[in-house]
2 protein chains.
Amino acid sequence: MKMDDWKFRQVRRVIKIVNIKDIARKAQVSVATVSHVINRTRFVSDELIKRVEQTMIDLDYQPNLLAGSLRTKKTSTIGLIIPDSSNMIFAEVSKNIENILFSRNYNVIVCNSSYDINRELEHLKTLRSKMVDGVLIVPATLEGEHLEKFKNIGIPIVILDRTLPDINIDTVVADNYKGGYDAAKYLENLGHTNIGYIDRIYDLPHSLGRKNGFIRALEEKGILFNKDNIVRGGFTFNDGVEASKKILKKNPGITAIFSFNDISALGAIRGLTELGLRVPKDISVVGYDDIPLSSIYIPSLTTVCYPVSEMAKEASKLLLKRISKPIFKKADRIIIPNELIIRESTSRCKNRA
Amino acid sequence: MKMDDWKFRQVRRVIKIVNIKDIARKAQVSVATVSHVINRTRFVSDELIKRVEQTMIDLDYQPNLLAGSLRTKKTSTIGLIIPDSSNMIFAEVSKNIENILFSRNYNVIVCNSSYDINRELEHLKTLRSKMVDGVLIVPATLEGEHLEKFKNIGIPIVILDRTLPDINIDTVVADNYKGGYDAAKYLENLGHTNIGYIDRIYDLPHSLGRKNGFIRALEEKGILFNKDNIVRGGFTFNDGVEASKKILKKNPGITAIFSFNDISALGAIRGLTELGLRVPKDISVVGYDDIPLSSIYIPSLTTVCYPVSEMAKEASKLLLKRISKPIFKKADRIIIPNELIIRESTSRCKNRA
DNA sequence: CTGAAAGCGCTAACAG
DNA sequence: CTGTTAGCGCTTTCAG
């Protein structure tokens, strides 16, 4: 007992942290009892509860979750790996996830992969070492082996917003095919038949889904989609500016442009404006994502709403489910519908050409 | 030894995690030695190093940082508390911080306070319980007592982007006064003398700094700033729309508007457009922040660049310094300059009124 | 150069 | 209803 006392003072001098032992001593109860009143995991007399809680307040006690986690193998923190947390769409997703998880008493470690699979791997390793209870990830690439390996170690993981081929991991994605389809249908109904398409530099499942849906809708109306109407670019604003100009040069008869994302669509509006065309009077533009900017741009952008909050909700729910019962048989695949938001940037076709 | 063996199998069955003991046994060395080759904290024969490292690979060993942290009292994770991680400016800050800290081998737990001090408090508590090495915070309010208390416990904390009164905590802020001053000087030089001002609903140090600098610059030129030219609103796009209309109604002779943030400034452009005024032909607009949107809006916005990455860099550096040597005497206060970015939304005054 | 052993602060049997 | 005890997996003396 005496030696214990001495150690106690030792520690207090270095770090001003009071531990469960301190409060046990002060409240004159066993350490176990204190633990139990904290976690409400056993019947304790009211008198004791009161005494313990009071000393906890007196000493400003805050449990050391590290120690607890070491025992319970549960950290109440999950990892979120995204390519770029400053990308508006990911920022929105991560904020939603953080909020939901906060209400379930989880914290989230946010990691940027910067579209680099090596960094993704690094992060996965540290997250594992920090014993996170699970991981939400928007993969940097289509590579999924390392993710599968990670899952097989026993740490739940769910993929967000991307479809990786040949993989048995829970996934939550938006219905990109339907989104592209709806966008095309809408433009058709406005009378547009000659439509330009701004695409990613190379196909990824999500953008490909959009394109396939788009083309399918045209085909249904008997409109032959001219592959020449596709221009591929990056995914920035300036890429959109360039792309729109290229498209118009290749095919001046175009009366509408669909872009696989909003930023490029907005860029396209700027590019068209620079060409002297008025949107939507002379030409219509439709985007994809519904980033905040799209509603406040001039003209505001008609776009397919990316269901950020739904996605965050479903993904969090799924992950928590996997965490609570780790028996994993077949991966879930949740597809979230998205909705077309009609705004100023589109109008009935006036057959410009 | 036998009993040990049995326990080993026990654990392996439940969680597929191999620990330092496993690799010690397999490599036929002491646990201590393994630890030392991992952390390169002692001379170990090459032969042993090789053997140990090989078994680490064979068993796919990943250290349990929880256990280590429990001993060393160092978690290599820091907490970042911001009001809203989907706000573009904070998203940018947080991405930068994450990147810098990643390179120094830290992880960051991102927390949203949602401008709610109680949530901020909650987060502070869990971060403390999770034994973060330090905290970066953009406070939700001007209240700072809880932060000071937190600091006094011994956890380094630095305040970002806000100046709290009467507080002895490290702070990194932008030079708001200078920013406001520069903006006003610039408009003066374009010949504007009757300038509207869109302000926050109530003063906060950072917005107040901008305003004071602004007014000071006008005074230097002998321009009397009409308090009636100030309209207060929220900080959203739509608030800016409203504010601009109100200003023009109150004082139709205004030839330029300065807004305390970009979003409202962009809203103002929209509002003015709706009033039939052309920006910048009829009226100039200047914002503050330089959010990504400002450069791509039509017309692009002249604005004071908020030094996000500089701020993230300085704040991280300061925090890491405090973590490595915890002797705290006087709080540092780092002021980061910001620069005026001139774009399309402003032009020489043509004395409209 | 290497090993044994004592904890970090907490939880969870087990034993009253 | 309450206490004792044995670890969680690692680091760090101390003792060769």
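Letters go in sequence order (proteins before strands), and every chain restarts at 1.
- The nucleotide whose nearest atom lies closest to any side-chain atom of A:R71 is, among D:dT11, D:dA6, D:dG9, D:dA6.
- Taking the salt bridge (charged side-chain N to carboxylate O under 4.0 Å, His left out) definition, one finds that A:D116 meets it with nothing, sequence neighbours left out.
- Protein atom NZ of A:K74 is 16 Å distant from nucleotide atom C1' of C:dC10, rounded to whole Å.
- If you take CZ of A:R128 and P of D:dG9, they are 13 Å apart, rounded to a whole angstrom.
- Of the charged side-chain nitrogens involved, none lies within less than 4.0 Å of a carboxylate oxygen, so that A:D170 and A:R333 do not count as a salt-bridged pair.
- A:K73 has a side-chain polar atom (N or O) that falls below the 4.0 Å cut-off from OP1 or OP2 of D:dG9.
- Rounding to whole angstrom units, CG of residue B:D22 and P of D:dC10 are separated by 9 Å.
- Regarding contacts with the backbone of C:dG9, a side-chain N or O of A:N19 is found under 4.0 angstrom from either OP1 or OP2.
- Remark: A:E145 engages no residue in a side chain to side chain donor-acceptor pair (under 3.5 Å) (not counting sequence neighbours).
- For A:K321, the side chain to side chain donor-acceptor pair (under 3.5 Å) partners two or more places apart in sequence, or in a different chain, are A:D332.
- Under the salt bridge (charged side-chain N to carboxylate O under 4.0 Å, His left out) criterion, B:E148 pairs with B:K151, not counting sequence neighbours.
- The rotation axes computed at either terminus of the helix from C:dC1-D:dG16 to C:dG16-D:dC1 lie 40° apart, taking five pairs at each end and rounding to 10 degrees.
- Distances shown here put a side-chain N or O of B:Y61 below 4.0 Å from the OP1 or OP2 atom of D:dC10.
- Per the geometry, NZ belonging to A:K130 stands 15 Å off P belonging to D:dC10, to the nearest Å.
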Protein-nucleic acid N or O pairs under 3.5 Å, nucleotides 1-3 of chain C:
unit_1, atom_1, unit_2, atom_2, d
C:dT2, OP1, B:S45, OG, 3.1
C:dT2, OP2, B:S45, N, 2.7
C:dT2, O4, B:R42, NH2, 3.2
C:dG3, OP2, B:S30, N, 3.1
C:dG3, OP2, B:S30, OG, 3.2
C:dG3, OP2, B:T33, OG1, 2.8
C:dG3, N7, B:R42, NH1, 3.4
C:dG3, O6, B:R42, NH2, 2.1

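- Rounded to an integer number of Å, the gap from B:L70 CG to D:dC10 P is 12 Å.
- Summarising the geometry, the separation between CG on B:N64 and C1' on D:dG7 is reported as 14 Å, rounded to the nearest angstrom.
- Here A:E314 pairs with A:K317 in a salt bridge; the nearest charged N to carboxylate O distance falls below 4.0 Å.
- For A:K313, the salt bridge (charged side-chain N to carboxylate O under 4.0 Å, His left out) partners are A:E310, not counting sequence neighbours.
- Residue A:N39 places at least one side-chain N or O closer than 4.0 Å to OP1 or OP2 of C:dT11.
- For A:M131 and D:dG9, the CE to P distance is 9 Å, given to the nearest whole Å.
- Annotation: ring-ring contact (aromatic ring centres under 6.0 Å, His included) contacts of A:F102 (sequence neighbours excluded): B:H123.
- One atom, CD1 of B:I20, and another, C1' of D:dT12, lie 12 Å apart when rounded to the nearest Å.
- Scored by the salt bridge (charged side-chain N to carboxylate O under 4.0 Å, His left out) test, A:K125 finds no partners at all (sequence neighbours excluded).
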